[in-house]
S.K.: 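Mind looking over this structure? Questions follow.
Keep in mind that what you see is a predicted model, and the values were worked out from it rather than measured. This chain uses plain numbering: 1 for the first residue, then up along the sequence.
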Amino acid sequence: MTLVIIICGIDLSVGSIVALSGTVTGGLIAFSNVPIPAAVFAGILVGTLAGVFNGVMVAYTGIPSFIVTLAMLNIARGAAYVYTGGQPIRVMNEISM
């Protein structure tokens with residue numbers, strides 16, 4: 001974020017990407033019984049891919065970062081909503097690493 005601010009850019013999608021990464025991580029743990037380290041890796045991968053998409057769009061197309069990250073904000077928020085079906089993800093049993 002510091003680099004983005006230094007070059008006079010803006011990233012509006014940070015919160016939505018964190019929400020998407022968190023729902024993917026929690027969903028894999030709760031619904032698919034994926035081990036915690038693998039689920040955390042998947043969540044980090046989702047966030048990284050969203051960030052790479054933002055960077056590529058800004059760097060190679062010339063679209064302003066405000067527009068690209070505003071679009072990603074809505075995409076990530078919608079994907080998190082669709083993934084969860086609008087319901088909270090609950091882990092009801094004890095999880096061991």
S.K.: How does the hydrophobic cluster around Val56 look, that is, which other residues are in it when side-chain heavy atoms under 4.5 Å mark a link?
M.R.: Val52, Tyr60
S.K.: Quick check on the hydrophobic clustering: are Leu70 and Met57 connected, directly or via other members, by side-chain heavy-atom contacts under 4.5 Å?
M.R.: yes
S.K.: What side chain to side chain donor-acceptor pair (under 3.5 Å) pairs are there with at least one residue in residues 72-84, not counting sequence neighbours?
M.R.: none
S.K.: What residue pairs, at least two apart or across chains, pass side chain to side chain donor-acceptor pair (under 3.5 Å) with a residue in residues 41-52?
M.R.: none
S.K.: Kindly compute the distance separating CD1 (Ile89) from CZ (Phe31), expressed to the nearest 0.5 Å.
M.R.: 5.0 Å
S.K.: Considering residues at least two apart in sequence or located in another chain, which fulfil the side-chain hydrogen bond (donor to acceptor under 3.5 Å, both in side chains) criterion with Ser13?
M.R.: Asp11, Asn54
S.K.: Applying the 4.5 Å side-chain criterion to the ILVMFWY set and letting contacts propagate, would Leu28 and Ile44 be lumped into a single cluster?
M.R.: no
S.K.: Assigning hydrophobic clusters by single linkage (Ile, Leu, Val, Met, Phe, Trp, Tyr; side-chain heavy-atom cutoff under 4.5 Å), is Val58 placed with Leu12?
M.R.: yes
S.K.: Considering only Ile, Leu, Val, Met, Phe, Trp and Tyr, and joining two whenever side-chain heavy atoms are under 4.5 Å apart, list the other residues clustered with Leu49.
M.R.: Leu45
S.K.: According to a hydrophobic-cluster definition based on side-chain heavy atoms being under 4.5 Å apart (Ile, Leu, Val, Met, Phe, Trp, Tyr only), do Ile29 and Val34 belong together?
M.R.: no
S.K.: Check side chain to side chain contact (heavy atoms under 4.5 Å, CB included) between Phe41 and all other residues, then give those that pass, not counting sequence neighbours.
M.R.: none
S.K.: Extract all donor-acceptor atom pairs below 3.5 Å that involve side chains of residues 16-26 and protein atoms in other chains or at least two apart in sequence.
M.R.:
residue, atom, partner, partner atom, Å
Ser16, OG, Leu73, O, 3.3
Ser21, OG, Ile17, O, 3.0
Ser21, OG, Gly43, O, 3.1
Ser21, OG, Gly47, N, 3.4
Thr23, OG1, Ala19, O, 3.1
Thr23, OG1, Leu20, O, 2.9
Thr25, OG1, Ser21, O, 2.9
Thr25, OG1, Ala39, O, 3.3

